[in-house]
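Worksheet: the structure to be examined is printed underneath.
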Amino acid sequence: MKKEEMLSNPSVTIAALKKYDFSFQKKFGQNFLIDEHVINKIISAAEICKDDTVLEIGPGMGNLTQHLAENAGKVYAVEIDRKLIPILSDTLSAYDNVEIIEGDILKTDVSGFAGNGNLKIVANLPYYITTPIIMNLLENHIPAKSITVMVQKEVAERMAAKPGGKDYGALSLAVQYYSEPYLAANVPPNCFIPRPAVGSAVIRMKIYDTPPVEVSDEKEMFRIIKASFGERRKTLQNGIKNFPELDYSKEEVSAALNEMGLDENIRGEKLGLQEFARLTDILRKNRDVV
């Protein structure tokens, strides 16, 4: 397809919206990408090549999908808005390597798209459901090489944040346990139609074959992490003590922190992934001893 005919050209998208009499639905958080430069940055960050199978979440009208189809071997495009399915069938008709699937990505078996083992996930994600989608993919150990997504800028910054900063929290630790995040680009609102109220960013997460830390109980560690950031002004031991999904006493947490050589009044944002893994192991070990 000629570049001037593609949906990354704003005039082509506007004409398509009129042609199909399409109305944006707030419940799906639809903001279509109309900047070819940004689309090329996504393709570059995801390192898409003809050997790759790409799973695109929320293709919309196909603005990014057309470029993915030009660069990848196979593209699966999962769209929840049934009104967009016939539109996608038209805008992607030139590509025989694209399969359009109507469905909710949170209810879709992603492993079915793994293909030759070179699966990469790419998406311009709706802001309202970014974290549930990312966490669903990561926690289910999806068989993908990477996830490259457009998200709200502040969410991308939280994903890549390091200990001690205001953006650092449970999302940072989860993303960095399962993957290596890289902020590839900041994207202003005028790159979308309609324009979102906030800035966006492209973040790539290269999935680890093996997590960077070892822990005796992954789920327990994330319960402890969640408890530690539930109320940021509380000390870590108070957060864990008051968390309903855990039953460690303040004294148990204090003893574990002392064993680690940490101040018993330390807050969660001061601990890195390695410290949370060790804290989990010590708490479980001491509980087993008792």
Side-chain angles (χ1 to χ4, degrees), residues 106 125 127-142 147 149 151-181 183 198 201 203 205 207-290:
L106 293 174
L125 289 178
Y127 293 160
Y128 79 100
I129 200 169
T130 293
T131 300
I133 289 176
I134 294 295
M135 292 312 303
N136 181 66
L137 294 170
L138 293 175
E139 289 176 346
N140 285 303
H141 299 278
I142 44 128
I147 303 172
V149 290
V151 297
Q152 190 172 338
K153 185 172 181 283
E154 67 173 40
V155 174
E157 289 171 345
R158 283 165 50 203
M159 289 179 181
K162 299 303 180 185
K166 64 179 180 63
D167 295 322
Y168 182 70
L171 180 61
S172 317
L173 285 152
V175 166
Q176 292 168 41
Y177 176 77
Y178 294 109
S179 70
E180 180 184 4
L183 278 171
V198 296
I203 185 167
M205 292 159 273
I207 308 299
Y208 288 126
D209 291 330
T210 304
V213 301
E214 290 186 19
V215 65
S216 55
D217 188 328
E218 181 180 299
K219 290 183 178 179
E220 183 78 344
M221 181 179 73
F222 282 109
R223 282 190 287 267
I224 289 170
I225 288 171
K226 187 177 178 181
S228 302
F229 291 94
E231 294 182 55
R232 294 184 75 100
R233 287 180 295 178
K234 283 190 174 182
T235 62
L236 182 146
Q237 60 179 344
N238 281 330
I240 294 175
K241 176 178 72 72
N242 296 323
F243 194 66
E245 296 176 37
L246 297 169
D247 65 348
Y248 298 111
S249 67
K250 189 173 180 178
E251 289 72 26
E252 285 178 295
V253 180
S254 179
L257 291 172
N258 285 333
E259 188 172 336
M260 294 172 65
L262 297 175
D263 188 324
E264 62 181 23
N265 292 316
I266 198 169
R267 288 182 167 83
E269 63 260 28
K270 298 297 183 183
L271 274 65
L273 197 51
Q274 187 71 53
E275 286 84 4
F276 274 111
R278 190 172 176 217
L279 176 62
T280 302
D281 290 345
I282 291 173
L283 285 169
R284 283 172 51 80
K285 177 199 71 175
N286 291 347
R287 177 64 60 87
D288 291 342
V289 168
V290 173

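Atom CD1 of Ile129 is separated from atom CG of Leu106 by 4.5 Å, given to the nearest 0.5 angstrom. Going from atom CD of Glu154 over to atom CG of Asp167 covers 8.0 Å, rounded to the nearest 0.5 Å. Rounded to the nearest 0.5 Å, atoms CZ (Arg158) and CD1 (Ile203) are 11.0 Å apart. The distance from atom NZ of Lys234 to atom OG of Ser228, rounded to the nearest 0.5 Å, is 12.0 Å.
A heavy-atom distance below 4.5 Å is found between the side chains of Glu245 and Lys226. At a threshold of 4.5 Å between non-hydrogen side-chain atoms, the residues Leu171 and Met135 count as touching. The closest side-chain heavy-atom distance from Glu139 to Tyr178 is below 4.5 Å. For the pair Lys250/Asn238, a side-chain contact is recorded, criterion being any heavy-atom separation below 4.5 Å from C-beta on. Two residues are said to be in side-chain contact when any heavy atoms from C-beta on lie closer than 4.5 Å; Ile134 and Leu125 meet this criterion. By the 4.5 Å heavy-atom criterion applied to side chains, Ile240 and Leu279 are counted as neighbours. When side chains are defined from C-beta on, Ile266 does not count as touching Thr235, because their heavy atoms never get closer than 4.5 Å. Between Leu138 and Ile142, the closest side-chain pair of non-hydrogen atoms is not below 4.5 Å.
Judged by distance alone, the side chain of Ser179 and the main-chain N or O of Val175 form a donor-acceptor pair under 3.5 Å. When atom types are taken as modelled, the side chain of Asp281 and the backbone of Ser216 share a donor-acceptor pair closer than 3.5 angstrom. No donor-acceptor pair under 3.5 Å is formed between the side chain of Ser172 and the backbone N or O of Met159. Although no hydrogens or angles enter the test, the distance criterion places a donor-acceptor pair under 3.5 Å between the side chain of Gln176 and the main chain of Ala161.
Residues passing the salt bridge (Lys or Arg N to Asp or Glu O under 4.0 Å) test with Glu220, sequence neighbours excluded: Arg223. Residues passing the salt bridge (Lys or Arg N to Asp or Glu O under 4.0 Å) test with Lys241, sequence neighbours excluded: none. With sequence neighbours left out, Glu275 forms a side chain to side chain contact (heavy atoms under 4.5 Å, CB included) with Met260, Leu271.
With 3.5 Å as the limit, one finds a donor-acceptor pair spanning the side chains of Asn140 and Asn136.
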- Message: If you apply the rule side chain to side chain contact (heavy atoms under 4.5 Å, CB included), what do you find for Tyr127 with Val155, and how did you get there?
- Response: CA-CA 9 Å; Tyr127 293 160; Val155 174; over 6 Å; no
message = Determine whether Asn265 and Gln237 satisfy the following criterion, side chain to side chain contact (heavy atoms under 4.5 Å, CB included), listing intermediate values before the conclusion.
response = CA-CA 7 Å; Asn265 292 316; Gln237 60 179 344; 3.8 Å; yes
- Check the pair Ser249, Val253 against side chain to side chain contact (heavy atoms under 4.5 Å, CB included), reporting the backbone distance first and the verdict last. CA-CA 6 Å; Ser249 67; Val253 180; over 6 Å; no
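Residues in residues 224-249 take part in these ring pair (Phe, Tyr, Trp, His ring centres under 6.0 Å) pairs, two or more places apart or across chains: Tyr168-Phe229. The salt bridge (charged side-chain N to carboxylate O under 4.0 Å, His left out) contacts involving residues 207-219 comprise Asp217-Arg284, where partners must be two or more places apart or lie in separate chains. Residue pairs that meet the salt bridge (charged side-chain N to carboxylate O under 4.0 Å, His left out) test with at least one member in residues 254-266, sequence neighbours left out, are Glu259-Lys285.
Residues Leu173 and Gly272 approach most closely at CD2-C, 4.0 Å, considering heavy atoms.
The aromatic ring centres of Tyr177 and Phe276 sit 6.0 Å or more apart.
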